[in-house]
Every structure is written in structure tokens, then in C-alpha cells.
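Below you'll find the structure, written out as C-alpha cells, and then a few comments.
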Amino acid sequence: MKVLFALLPLALTAFSLPFPPETAPQKAAAPKDYVITQFGAGTDSTQLNTEAIQRTIDKASAEGGGTVVIPKGVFLSGALFFKPNTQLRLQTGAKLKGSDNIADYPLIPSRMEGQKLDYYAALVNAYQVNGFRVTGPGTIDGNGLKFWKGFWAHRDSMQKVGKSSTNLEVHRPRLLFIWGCNNVTIEKVKLHNAGFWTTHLYQCNNVLIDGCDIRSPFRPVKAPSTDAVDIDVCKKVTIRNCYISVNDDGIVMKGGKGPNAQKLPENGPIEDVLVENCTFGEVHAAVTCGSECIHANRITVRNCKVDNDRPLLLFKMRPDTYQLYENITVENVTGRCGTIVTLSPWTQFFNMAGSAEKPFGTIRNITISKVKVKCKQFAVLDGNPTDKVSNITFKNVDATAETAAFPNKYPDVKFTNVTLNGAPLTAAQAVGAGPAVKPLKPD
């Protein structure tokens with residue numbers, strides 16, 4: 001009996017707890033650092049370090065994973081291939097500089113311009129590397145000048161003999177190509193001077209690009225086709241707190257092109273993209289749907305600034321591709337642009353490939369609100385003859401335009417509390433209200 005009374009307080013204490021006390025969760029250990037200079041990378045910025053850096057990546061992967069660290073200095077490299085459980089960090093003052101010799105980028109199975117094809121590897125490549133991270137504050141520099149000059153020289157030579165030139169004829173590497181990866185982070189890193197597209201995301205889910213500086217020049221030599229971020233068959237992509245100025249489109253929805261593109265398994269939709277708190281300097285357009293996109297759904301652009309003379313939102317309507325652009329919101333944008341929205345035909349590299357299909361585009365549920373800008377022209381709403389456009393809404397927009405009249409051939413465009421050059425703008429005033437200032441043409 002004495003034993004029972006002695007145990008009674010312990011029993012009561014146990015019953016007073018609703019469930020056993022939790023053990024504090026164990027914090028995951030930080031990935032081990034693998035500094036490239038410890039694996040043979042040298043500080044002579046004129047010497048290729050491709051083998052040494054790849055050796056570092058391979059070592060990190062073989063030992064279960066880790067962070068490949070680029071220390072202060074300039075390190076020249078060709079294509080690098082990151083493996084499962086590896087990441088990349090560029091320290092303060094670090095620069096990973098791309099070789100300007102295309103031979104340092106192998107020709108491999110890839111994806112370009114909405115097509116499955118063999119193409120040259122990027123400087124930084126990640127294939128099926130879930131949890132892949134690229135972090136700064138250092139720089140990845142594509143060293144693209146030689147590629148840009150080669151592109152323009154080739155295009156000029158073709159024009160002299162009356163021929164056109166595609167973007168793929170002068171071989172150029174992208175800066176980053178991330179394919180089939182989930183939970184990707186690109187954070188506080190400078191992405192500069194790409195030879196071709198800057199950041200190409202293909203078949204990725206849950207991507208965050210945060211606090212990055214993404215640039216390529218317009219002068220003295222234009223950096224052609226250096227899109228800042230190409231979102232290609234991806235879901236759940238967030239781009240925020242970035243500065244973007246590139247000699248092509250800023251953020252671009254891709255996904256396939258051609259009269260049968262929607263039937264091919266390598267193609268697909270873009271869904272759930274958020275662009276917020278970004279500043280767009282010189283670009284061909286801030287946010288673009290196309291020119292290789294079959295379906296973009298739930299795209300939100302908010303709390304951004306623009307400082308250029310090109311479209312804030314651009315729809316490139318291909319007459320050789322079925323396209324569906326829907327549920328797109330632009331909210332709280334200020335600054336200077338060419339147009340708030342441009343919707344117009346895009347015939348660059350038109351190719352029906354012998355198909356008897358009759359493709360058309362569908363654009364619906366587009367909302368532009370809380371926008372205050374100076375622009376060359378309010379909008380251009382003039383797609384291909386068979387395009388179907390419905391439910392475009394401008395709400396609480398204050399625009400000052402050099403040319404007040406603008407083309408709009410769609411009656412289902414709504415205006416609520418919209419002023420253009422200080423006067424209220426209504427749907428009746430907008431329909432068929434004039435030519436575009438200047439038709440958009442690709443470089």
C-alpha cells in the first residue's frame with residue numbers, strides 16, 4: 001500500500017499531460033562546402049577551370065551532396081553539370097565567367113525555342129537536381145560579346161544576299177539551364193552578359209528567383225536573345241525583388257510552338273507564376289506570353305516598376321500555333337513604358353510544317369489595375385483575324401500617352417475609372433481608335 005501511495009503523484013502527473021512532451025526537431029545540417037580552389041581551380045582568369053570545377057561538383061555529389069563555392073576572384077569555365085544534392089554559391093567578389101569558345105559547351109539533347117533538339121549546353125546546367133540552389137552575392141557572367149558580334153555579323157551577311165537568319169544559326173550558350181528540377185532557388189546573384197537566354201527553366205516546379213540582378217547590354221553591341229527568365233512548361237514560379245534589363249524580353253512564358261505543339265509530350269502549360277517587387281529597365285517587354293507558348297494560366301504581376309519604352313505586358317500571337325492565355329493580372333505598376341498591353345501578330349519564323357490545321361489564339365480574363373504610367377501609347381489590341389479575345393479589364397488606371405488614340409478591335413474590353421491624358425476613357429471611345437505608333441518587330 002505504501003508503494004501505491006508513493007507512485008500516485010507520478011501517475012497523476014502523467015495523466016495531466018494531454019500527450020507526451022515533444023522533442024525539439026533536429027535542425028538539418030548545412031550542406032558541406034566544397035571550395036573550388038581546394039580542388040585545383042586557379043586564380044588566373046585567362047585559364048579554363050572547367051575540369052577543376054566539375055571535379056569539385058563530382059566530389060560533392062559522391063560524398064552525399066554539398067555546396068560548390070566560388071571564392072573571390074574570376075574563374076573562367078565552360079559548361080558545368082550539377083548533380084543531385086549539389087548547389088552553387090558565389091561569394092562576395094566571386095565571378096564565374098563563361099568561356100567565349102563554343103567548343104567548351106558540348107552539343108547535347110536539350111530544348112530551345114519550344115522544340116526538343118540537340119543544342120549546346122549552358123554555362124550552368126542542372127538536370128533532375130531537386131532542391132538546386134544558386135546563391136550570391138557573386139556574379140555569373142556569360143562573357144557574351146564574341147557571341148553577340150558573331151550573331152550580328154551572320155545576320156548582316158544573310159540580309160546582303162536576301163536571306164533570313166534564325167536565332168539558332170550562330171551557336172551560343174545560355175547562362176543557366178535548369179531542367180526537370182523541383183524546389184529551385186536562385187537568390188541574390190548577379191546574372192550578366194549571357195550569350196543566349198539568361199535563365200531557362202524547363203519542366204520545373206516550385207521555383208523562387210529572389211533578389212537577383214539580371215542584365216545584358218543594348219550598347220555599344222546589342223546582346224540579342226538574352227531573355228532574363230524563360231519559363232518553359234513550369235508550375236509555381238515566383239520572381240521577386242529583381243532588377244531586370246536585357247536586350248530581349250524580361251520574363252517570358254514558353255511551352256511549345258507549331259500547329260501540333262499541343263499534342264507533343266515535351267510541351268505543356270505554364271501555371272501559377274508570380275512576379276512581384278521587380279524593376280524593369282530596358283527590355284523588349286517586361287512580361288511576355290510567347291513567342292513559343294501554348295498555354296499560360298494564372299500569371300500575376302504586382303508591385304513592379306518599369307522604366308523603358310516597350311510593352312509592360314506583351315502577347316505574341318503566332319498564327320501557326322494554338323495558344324491560350326488566361327487569368328492574367330497586372331496590379332500596382334508605376335513608371336514609364338511603351339504600352340500597358342500589346343496584343344499583336346508575331347510571325348517570326350512562321351512555319352506550318354505542311355499541316356492543314358488552322359491555329360488561333362484565345363485570350364481571356366486579363367485584368368490591369370492600379371497602374372500609373374507614362375507611355376508612348378495606351379495599348380495595342382490587334383491580334384490575328386481568328387484570335388478570340390474576351391474579358392480584358394482596365395481598372396483604376398492613370399496613363400499619360402504621347403499618342404492618345406490606340407487600336408482596339410475587341411468590344412469585350414472594359415474600362416473602370418481609367419483616365420488617359422487626364423480624361424476619362426470608355427470602351428466606346430477605345431474600339432477601333434487608331435493605328436499603332438510603330439509595329440513591333442523582332443531584332
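Annotation: ring pair (Phe, Tyr, Trp, His ring centres under 6.0 Å) contacts of His154 (sequence neighbours excluded): none. Every salt bridge (Lys or Arg N to Asp or Glu O under 4.0 Å) that Glu326 has, sequence neighbours left out, goes to Arg364. Residues that satisfy the salt bridge (Lys or Arg N to Asp or Glu O under 4.0 Å) test with Lys95, not counting sequence neighbours, are Asp141. Evaluation of the salt bridge (Lys or Arg N to Asp or Glu O under 4.0 Å) rule for Arg172 yields no partner, not counting sequence neighbours. Residues forming a salt bridge (Lys or Arg N to Asp or Glu O under 4.0 Å) with Asp272 (at least two apart in sequence, or on another chain): Arg298. In terms of the side-chain contact (heavy atoms from CB on, under 4.5 Å) criterion, residue partners of Ser110 (sequence neighbours excluded) are, by chain and number, Tyr119, Arg174, Phe177.
Residues Lys409 and Gly383 approach most closely at NZ-O, 2.9 Å, considering heavy atoms. Pairing each heavy atom of Lys257 with each of Ser291, the nearest pair is CB-O, 4.4 Å. Nearest heavy atom pair, residue Cys181 against residue Ile178, reads SG-CG2, 3.7 Å. Pro311 and His284 make their closest contact through CD-O, 3.4 Å (heavy atoms, listed as atom of the first residue, atom of the second, distance).
With Asp100 contributing its side chain and Asn143 its backbone, the two residues share no donor-acceptor pair below 3.5 Å. Remark: side-chain polar atoms of Lys116 are not paired, donor with acceptor, to backbone N or O of Pro109 under 3.5 angstrom. Of the possible polar contacts, one joining the Thr198 side chain to the Thr226 backbone as a donor-acceptor pair under 3.5 Å is found. Formation of a donor-acceptor pair under 3.5 Å by the Arg89 side chain with backbone atoms of Val69 is not found in this model. A donor-acceptor pair under 3.5 Å is absent between the side-chain atoms of Thr393 and the main chain of Thr367, judged by distance alone. At least one donor-acceptor pair under 3.5 Å links the side chain of Asn308 to the backbone N or O of Arg310. Of the possible donor and acceptor atoms, one in the side chain of Asp320 sits under 3.5 Å from a partner among the backbone N and O of Asn351. A donor-acceptor pair is defined here as one N or O able to donate and one able to accept, closer than 3.5 Å; no such pair exists between the side chain of Thr321 and the backbone of Arg318. In this structure a side-chain-to-backbone donor-acceptor pair under 3.5 Å is missing from Asp104 to Ser99. Asn408 places no side-chain N or O within donor-acceptor distance of the main-chain N or O of Val380, the cut-off being under 3.5 Å.
Annotation: the span from Leu208 atom CG to Thr185 atom OG1 amounts to 5.0 Å, rounded to 0.5 Å. The distance from atom CG of Leu343 to atom CD1 of Ile366, rounded to the nearest 0.5 Å, is 8.5 Å. Residue Asn125 holds its CG atom at 7.5 Å from CG of Leu80, rounded to the nearest 0.5 Å. To the nearest 0.5 angstrom, Leu420 atom CG is 9.5 Å from Gln377 atom CD. In this structure, Leu313 CG and Cys289 SG are separated by 6.0 Å, a value rounded to the nearest 0.5 Å. Atoms CD1 and CG, on Ile140 and Leu123 in that order, are 6.5 Å from each other to the nearest 0.5 Å.
Residues Glu357 and Lys263 are paired through a salt bridge, judged by an N-O separation under 4.0 Å between the basic side chain and the carboxylate. A salt bridge links Asp249 with Lys316: at least one charged nitrogen is closer than 4.0 Å to a carboxylate oxygen.
With hydrogens and angles left out, the side-chain atoms of Asn267 and Gln262 include no donor and acceptor closer than 3.5 Å. For the 3.5 Å distance criterion, the side chains of Asp412 and Asn391 fail to qualify, holding no donor opposite an acceptor. Side chains of Ser77 and Asn49: a donor-acceptor N/O pair is absent below 3.5 angstrom, by distance only. Judged by distance alone, the side chains of Asn205 and Asn182 do bring a donor and an acceptor atom under 3.5 Å apart. Under the 3.5 Å distance criterion, with hydrogens and angles disregarded, no donor-acceptor pair is assigned to the side chains of Gln128 and Trp179.
Applying the salt bridge (charged side-chain N to carboxylate O under 4.0 Å, His left out) test to every pair with at least one member in residues 194-214, sequence neighbours left out, gives these pairs: Asp210-Arg240, Asp213-Arg215. Listed by first then second residue, pairs satisfying salt bridge (charged side-chain N to carboxylate O under 4.0 Å, His left out) with a partner in residues 331-345 read Asp307-Arg336, Glu331-Lys370, not counting sequence neighbours. Applying the salt bridge (charged side-chain N to carboxylate O under 4.0 Å, His left out) test to pairs two or more places apart or on separate chains, those with a residue in residues 185-197 are Arg133-Glu187. The stretch residues 301-321 participates, sequence neighbours left out, in these ring-ring contact (aromatic ring centres under 6.0 Å, His included) pairs: Phe315-Tyr325. Pairs engaging residues 71-82 under the salt bridge (charged side-chain N to carboxylate O under 4.0 Å, His left out) rule: none recorded [sequence neighbours left out]. Residue pairs meeting the ring-ring contact (aromatic ring centres under 6.0 Å, His included) criterion with at least one member in residues 71-112, sequence neighbours excluded, are Phe82-Phe132.
With a 4.5 Å cut-off on side-chain heavy atoms, Val221 and Lys149 count as touching.
The side-chain contact (heavy atoms from CB on, under 4.5 Å) test with Thr67 singles out one residue from Asp33, Thr135, Thr86, and that residue is Asp33. When each of Ile209, Leu90, Leu88 is paired with Val189, the side-chain contact (heavy atoms from CB on, under 4.5 Å) condition holds for Leu90 and for no other. Tested against Phe280, the residues Val275, Leu312, Val246 include a single side-chain contact (heavy atoms from CB on, under 4.5 Å) partner, Val275. Considering Asp232, Ile270, Val233, Val229 in turn, Val229 is the only one that fulfils the side-chain contact (heavy atoms from CB on, under 4.5 Å) rule with Leu201.
Within 6.0 Å of NZ in Lys414 there are more than 12 heavy atoms belonging to other residues, nucleotides or ligands.
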(Q) side-chain contact (heavy atoms from CB on, under 4.5 Å) for Ile239 and Cys278? Distances and angles first, verdict last. (A) CA-CA 8 Å; Ile239 303 168; Cys278 291; 4.1 Å; yes
Q. Going through the distances and angles, do Asn167 and Phe196 end up as a side-chain contact (heavy atoms from CB on, under 4.5 Å)?
A. CA-CA 9 Å; Asn167 290 334; Phe196 208 161; 4.0 Å; yes
**Q.** side-chain contact (heavy atoms from CB on, under 4.5 Å) between Thr400 and Cys375, worked out
**A.** CA-CA 6 Å; Thr400 302; Cys375 52; over 6 Å; no
Q.
What verdict does the side-chain contact (heavy atoms from CB on, under 4.5 Å) test give for Phe378 and Ile340, after you've listed the backbone C-alpha separation in whole Å, the side-chain angles of each residue and the deciding distance to 0.1 Å?
A. CA-CA 6 Å; Phe378 185 87; Ile340 297 173; 3.8 Å; yes
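Remark: Lys222 is not positioned above the aromatic ring of Trp148, lacking an NZ or CZ atom under 6.0 angstrom from the ring centre and at most 45 degrees off the axis.
Classification of the Tyr202-His200 ring pair by plane angle, with boundaries at 30° and 60°, yields tilted.
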